[in-house]
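What follows is a set of notes on a single structure, which appears directly below.
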Amino acid sequence: MMEQLDACNQLEAARIHKLVARKKGRPGQKDLEKMAQWLDRGQARVTERQAMHKPATFPASLPVSERVDDIREAIEQNQVVIIAGETGSGKTTQIPKICMNSGRGIRGLIGHTQPRRIAARTVAGRIAEELGEQTGGQVGYQVRFTDTTSDQSRVKVMTDGILLSEVQHDRFLDRYDTLIIDEAHERSLNIDFLMGYLRQLLPKRPDLKVIITSATIEVERFSQFFNGAPVIEVSGRTYPVDVRYRSLTGDEDDRDQGWTDGVLRAMEEIEQHERAEKQPPGDVLVFLPGEREIRSLSKVLRHADLRHTEVLPLYSRLSNQEQNRIFQGHRGRRIVLSTNVAETSLTVPGIRYVIDTGVARISRYSVRSKIQRLPIEPVSQASANQRAGRCGRVAPGICFRLYDETDFINRPEYTDPEILRTNLASVILQMTTSGLGDIRHFPFLEPPDRRLINDGYKLLEELGAVDDKRRVTNLGRTMARLPLDPRLARMLVISSEQGSLAETLVIIAGLSVQDPRERPQDKQQAADQAHAPFNDKESDFLTLLNIWNFYEEQRQELSQNQLKKVCQKSFLSWMRMREWRDIHRQLTLICREQKLKLNRDSASYESLHKAILAGLLGQVAVKLEKKEYLATRNRKVMIFPGSKVSKTGPKWIVAAEIVETSRVFARVVAKIEPEWIEPLAGHVVKHHFFEPHWEQKRAQVMGYEKVSLYGLDIIAKRRIPYSKVDPAECRNLFIRRALVEGDYQSRAPFIARNRELLDTVENLERKTRRRDLLVEDEVLVAFYEQRLPADIVSGRHFESWWKQLSADQLRDMELTEADILQRPVDEQADSLYPDYLEWEGVRYPLSYEFEPTSERDGVTLQAPVMALKQLPARRLEWLVPGLLREKCIALVKGLPKALRRNFVPVPDFVDAALENLQASNEPLALQLGEQLRRMTGVRIDADAWPQEDLPKHLRMNLRVVDDAGKPIAEGRETEKLQSE
DNA sequence: CTCTCCCTT
């Protein structure tokens, strides 16, 4: 049986091989029956196709026809052949036929890829036509949503994206015996990926033939990449193009003006040329970087009074109707003003002259700022030549380059391939889930930069598609099954959990197609009016949803023609609406397969936008002022003025895209609430904790938290319990603030006792006016640190801890005098500094303060206003025993010098005097003077004594309180207070 | 106060 496999269809042969391999070479009876069935079918298919085969013929007019034999020979003798040829060589249509004539496309398919869908369809049509058939017979094509291939197909034309997607199911591409990769020089992401994949596949599929076709550029690179594969060059059937450099003169500052002048001068030269050569006016194609430039130049040209001249704009966003005008016949001259669409995607017929400004908007991705930029850049030499070639298709042409030749020579040969200019998240996810190994080791034609790869991984991490070790998660695997940008795929998956899948499906499909809203230049107002009912001021996503709902309602009631009319009236592109619906349907089917839940009730704004937000975490922004927003990664952005949300300017927004053109714009945005972010972004937000502090009421250490998303503060200062953040710091603060400083109400008996002990000592310090009694706080901190377990970080912890202590342990928590005193306490302290002054059976409370700057410094006696008159004013002069000596010394030292020098040394005289003095309600100074006179014979006049200028603490402070104990007057002038 | 162009499980 195995010998017969060579005559069997490849796909069946591969199945048989696989089954044999799985059964380790010993298939059972049932397997054998199955295999025999496959073999029959496979052989039947081969014979059927062989019977169908008629040798193809080649039109003599095509240059490629001259090389048919060379090409066939090269293909038969090599696994890979590179065919280089310019447009018009016929390679695209003829090479598949050469392959057919060489017997390929029998056991397997001849696969033929094109970069664009339209091209795939038309190429298939042309090949079929040349074989005298219609598509769907020997030649079929497959693009997204359409597959016309059948069992009879020998040639399958498809977009390169389709072939790439088939890799997922058919790792060896077993159904193909030949692959033709067309337009490889365009170097799209798909092409570069396919090239690498094929290079790995070739040794495993020795029977597979690969043909790479390209414009004459880059041919050597392809040949080297495929081990020196032979190159066959085919001449193009094109006419010579005369390239004339007409660099701009004038002011560099105003580029628009420069280009306008340059184009007008080139038009003059064209007219001269036509007059000299006696030629009728030929059509002109002008390459400009963008819509704005096209509009401004078209305005100028329409007013420039050019005879019999029609000016047509051409760019991708134009409606089909407007684009199709370039294919309609016309009289006189036509000038087409175009963007890059006319360089590769669209062929403008009948062009005799090209005017090339030499620039284009090229998409660049900045890894540093994560911004997609669209700068206007000089195009590469390859691109400029492609543009020039657009006027040599029907007759010799002239290309005017509005720059000089040195400029041209100094330009890069080729445009950077897309893989070096784009975010790689999608490529990485596809590669990883289809087991293609590490992207860093994949044989790319030009490997992307390490930073670009890291950046792709980071986005996948943000989306939860890979974990922090870069392993694909289950979520990532689901996402990889969706034919969507990973961000959109993320939204879809989460929306089924949020109960907003139905709406999200619509929005995501809508984001995948071009904006269906049309806004023709001459009917802008009418278009805006027609779109007005769809607009949502808070969310561009809802605007999309409104358009969809409107369209769906109409679609169900109207015929296709009526629906087309409604679209036209509403300024909606019918084609794009249909594309939108196609994608929506495709995604709906996949969601069903992936068992994602479709919500029946309509989703709330919140649940819908949370799903959207989950895919766009890196694109959040907060309003700074008027029109300016600060986005993540410190990017300043502005809402795109076309967005209806830009009118309301909400505080927080999320944007589907951030693109830099003339400014950094946030496109397709919606209002969000900042609280939604953190729960969705737990894995990417950063937390910063600060200002831990003891809060007495909560009996715990609290602090603040700042939450930021890629440098953007989404929560500036949130109060949080600090114990989870830094338990050691909490314990430290608890000991210092609560236990040592006493800012805490505890029920623990030892705390009350310790407090009492400390109060006594502190009071004694106030009385004795010294600060050297109590140990430093650090000693108390150390006391508690030694005794408190590490996990006691708050009042709650503390209370439950001490309650289970034994009596001994409780006692151990009590401070002793030995613990807290720096030196022994004077035993007489209590009598030297009494707490009451007793006079005639009344006890007046005394309080002490040691704060020289304070009004209350010293001793304060409190007396009720009722008792004020009975107060012994003179007795107060005697203060308390502990302060009397200091006061007397101060009194003597305050005497005039002539008197004072009789009592030196003063302390000795005072001590001697005090021996005979007893506190009484007599004036202190006079009593003291009397004693001094007795010792020395010197008499001191009453008015010689200092009074008011004694330090505050040496005069009794009197506080008068009312019945309720509330202070009503206070001062050191006892008699004055008494008389008031 | 306005943006090149393609492709798909």
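Each chain gets a letter, A, B and so on, in the order its sequence line appears, and its residues count up from 1. Values reported hereafter were calculated over all heavy atoms of this structure, with side chains retained and with hydrogens, waters and symmetry mates removed.
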task = Determine, for A/Glu377 against A/Arg364, whether the closest basic-nitrogen to carboxylate-oxygen distance falls under 4.0 angstrom.
result =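 A/Arg364 and A/Glu377: salt-bridged.
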query = Hey, are A/Lys644 and A/Asp540 close enough for a salt bridge, meaning a charged N less than 4.0 Å from a carboxylate O?
reply = no
inquiry  = Does B/dT4 have OP1 or OP2 under 4.0 Å away from a side-chain N or O of A/Ser316?
reply    =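 For A/Ser316, the contact criterion (side-chain N or O under 4.0 Å from OP1 or OP2 of B/dT4) is not met.
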message = With a 4.0 Å cutoff (strictly under), does any side-chain N or O of A/Arg421 reach OP1 or OP2 of B/dT4?
response = no
Nucleotide [N], atom [atom2] - distance to [atom1] of [X] in whole Å:
| X | N | atom1 | atom2 | result |
| --- | --- | --- | --- | --- |
| A/Arg519 | B/dC1 | CZ | P | 16 Å |
| A/Gln524 | B/dC1 | CD | C1' | 13 Å |
| A/Glu343 | B/dC6 | CD | C1' | 13 Å |
| A/Glu418 | B/dT4 | CD | C1' | 12 Å |
| A/Arg116 | B/dC7 | CZ | C1' | 10 Å |
| A/Ile362 | B/dC6 | CD1 | P | 15 Å |
| A/Lys644 | B/dT2 | NZ | P | 14 Å |
| A/Leu511 | B/dC3 | CG | C1' | 16 Å |

For [X], which contact category applies under a 4.0 Å heavy-atom criterion: base, sugar-phosphate, or nothing?
| X | value |
| --- | --- |
| A/Ser662 | sugar-phosphate |
| A/Leu374 | base |
| A/Arg481 | base |
| A/Ser188 | nothing |
| A/Gln430 | base |

key: 5′-ward residue of the pair A/Arg295/A/Leu482 relative to DNA chain B   = A/Arg295
request  = Between A/Ala480 and A/Gly290, just flag the one whose closest nucleotide in DNA chain B comes earlier from the 5' side.
outcome  = A/Gly290
inquiry  = Looking at A/Arg667 and B/dC3, is any side-chain donor or acceptor paired with a base atom of the opposite kind under 3.5 Å?
reply    =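 Side chain to base: pair present.
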Polar pair under 3.5 Å, donor/acceptor by atom type, side chain A/Gln372, base B/dT4 =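 For A/Gln372, whose side chain was compared with the base of B/dT4, there is a donor-acceptor pair (under 3.5 Å).
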Counting only side-chain heavy atoms from C-beta out, which of [options] sits nearest to [X]?
| X | options | answer |
| --- | --- | --- |
| A/Phe665 | B/dT2, B/dC1, B/dT9 | B/dT2 |
| A/Gln586 | B/dC5, B/dT2, B/dT9 | B/dT9 |
| A/Pro641 | B/dC1, B/dT4, B/dC6 | B/dC1 |
| A/Arg144 | B/dT4, B/dT9, B/dC5 | B/dT9 |
| A/Pro483 | B/dT8, B/dT4, B/dC3 | B/dT8 |

message = Looking at every heavy atom in both A/Leu616 and A/Phe541, which two are closest together, and how far apart are they?
response =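 Scanning both residues completely, I find the closest heavy atoms to be CD1-CZ, 4.3 Å.
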Just by distance, with hydrogens left out, do [X] and [Y] show a side-chain donor and acceptor under 3.5 Å apart?
| X | Y | result |
| --- | --- | --- |
| A/Asn535 | A/Thr543 | no |
| A/Tyr141 | A/Gln114 | no |
| A/Thr344 | A/Gln386 | no |

query = Step by step, would you call A/Arg471 with A/Thr432 a side-chain hydrogen bond (donor to acceptor under 3.5 Å, both in side chains)?
reply = CA-CA 9 Å; A/Arg471 291 171 304 208; A/Thr432 323; over 6 Å; no
query = side-chain contact (heavy atoms from CB on, under 4.5 Å) with A/Thr648: which residues, sequence neighbours excluded?
reply =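 With neighbours one apart ignored, the set is A/Lys537, A/Val645, A/Pro650.
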task = Please confirm whether the backbone N or O of A/Gly649 pairs with a side-chain atom of A/Lys623, one donor and one acceptor, at under 3.5 Å?
result =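 Confirmed, A/Lys623 side chain pairs with A/Gly649 backbone.
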key: DNA chain B contacts among residues 157-169 of chain A, heavy-atom distance under 4.0 Å   =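 Output list: A/Thr159, A/Gly161, A/Ile162, A/Ser165.
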